[in-house]
Amino acid sequence: MIMAFAFKTNKDVRKIMLSGIKPTGRPHIGNYFGMMKQLVDLQGEYETYAMIADYHALNSIQKGEEMRSLITDLVIDYLALGLDPKKVILFKQSDVPAHTELCWIFDSIVTMPYLMRAHAYKDAEAKNKEINVGTFNYPVLMAADILLYNTDIVPVGSDQKQHVEYARDIAEKFNHIFGETFKLPTERILEDVKTVPGTDGRKMSKSYGNTIPLFATDEEIKKAVMGIPTDSKGVQDQKDPTTCKVFALHELVGTPGELEALKARYLQGGIGYKESKDLLVERMKRFIGPLRERRDEIAKKKDVVVELLARGAKEARMVSELKMTDIRKKIGVTL
Ligand code: AMP
């Protein structure tokens, strides 16, 4: 309550940033460089909402005990990355009923053919997967997540670009039918990151099993990097840094000087993929090691998680309830 007051009565003119992550497994370096790093780096600059998207995760995590521990782990991960709960409203989606309420309201104005054009739905359909209603409706719940807080920017990896476009479309449609209500949000995608490739060359994703976990052990790092497929070029052959997946990962963790030197060696020939991978293992360890140590320390104080989330939930409920009051009036269910 005290924090909420500080947030809302100080004529907070900062822009608003919100981003969510599903507690569906250990976060990986794709999550970090695509979204989590942006959120942590910008947390002082924007009024920031960091959402644990547990109701989105429910589409795939359907064991209570597993969900509970994944949520706890994700909060610890965020704290280890430097997310400051004093600066940020850190909350879980399921603690704020307005998300599902607004999702239902949006369901009444969104059509099925429109949702059928979503990439995630089309991918699942192409793989002949049986799709549950929650997965089909995912972009609508995500629109509710974003629009409830008058969000200006949504830091995401490029895989989520379309979902933020959906949020904008839905906001415009609602505004058109019921009058000006929602701000139109913009995605924030880092040009030099976009989509981090996984160890099999596809997008790095928890569901593909091709990740380098953000808090990986040294052994896990080595195993993941050594498994990256490369072409059959020999040590002396010239290599293309723009298409090499090993190089793409170097770009995330190498210093500018290291990258320049490596690029020159790729173009000239004289470096084999084995050497490039060995270097990547070392640089990945250099990046992940301190994060993992910090996380191990924070994990000893797991008890704070429940309290932090309770505080964040109170904040998020207060802000979202204000918005819902306006929305309910606009749609005419408040007498
Ligand atoms: P998720 O794990 O699907 O909840 O994703 C959380 C955030 O990480 C979203 O903003 C995604 O866009 C981002 N993300 C996930 N995978 C990648 C990737 N391979 N490269 C860049 N960003 C990613």
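In this chain, numbering begins with 1 at the start of the sequence shown. Whatever order the structure lists them in is the order used to number ligands and atoms, beginning at 1.
For atom 4 (O) of ligand 1, the nearest protein heavy atom (residue, atom name, distance) is K22 N, 2.9 Å. Among protein heavy atoms, the minimum distance from atom 9 (C) of ligand 1 is reached at Q160 CG, 3.9 Å. Nearest to atom 8 (O) of ligand 1 among the protein's heavy atoms is N31 ND2, 3.1 Å. Nearest protein neighbour of atom 2 (O) of ligand 1, counting heavy atoms only, is K206 NZ, 3.0 Å.
You'll find the side chain of L279 stays beyond 4.5 Å of the side chain of E258, heavy atoms only. Contact check for I271 versus Y266: side-chain heavy atoms found under the 4.5 Å cut-off.
With salt bridges taken as basic N to acidic carboxylate O contacts below 4.0 Å, none links E172 and R168.
Evaluated by nearest non-hydrogen atom to atom 17 (C) of ligand 1, the leading choice among G34, P27, P197, G30 is G30. Among T24, D159, V154, the residue whose heavy atom lies closest to atom 12 (O) of ligand 1 is D159. Selection from L190, I189, V196 by nearest heavy atom to atom 20 (N) of ligand 1 gives V196.
Close contacts of ligand 1 with T195, meaning ligand atoms under 4.0 Å from a residue heavy atom, involve 20 (N), 21 (C). In the vicinity of M35, heavy-atom distances shorter than 4.0 Å reach the ligand 1 atoms 7 (C), 8 (O), 10 (O). Residue I21 has at least one heavy-atom neighbour below 4.0 Å for each of these atoms of ligand 1: 4 (O), 6 (C). Atoms of ligand 1 lying under 4.0 Å from any heavy atom of K203, numbered from 1 in the order shown and given with element: 19 (N).
Close N/O approach between G20 and ligand 1 is not found [any backbone or side-chain N/O within under 3.5 Å].
Close to ligand 1: K194, with a non-hydrogen atom less than 4.0 angstrom away. The shell of residues lying under 4.0 angstrom from ligand 1, judged by heavy atoms, excludes M36.
Of the possible polar contacts, one joining the H250 side chain to the S276 backbone as a donor-acceptor pair under 3.5 Å is found.
For the residue pair Q93 and D145, a side-chain donor N or O sits within less than 3.5 Å of a side-chain acceptor on the partner.
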### Task
Under the side-chain contact (heavy atoms from CB on, under 4.5 Å) rule, what do T24 and H56 come out as? Steps first, then yes or no, please.
CA-CA 9 Å; T24 46; H56 285 294; over 6 Å; no
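When all heavy atoms of L267 and P241 are compared, the closest pair comes out as CD2-CD, 3.6 Å.
Between Y149 and H99, the distance separating the two ring centers is shorter than 6.0 angstrom.
The side chain to side chain donor-acceptor pair (under 3.5 Å) with K183 is formed by just one residue from the set D152, T151, N150; it is D152.
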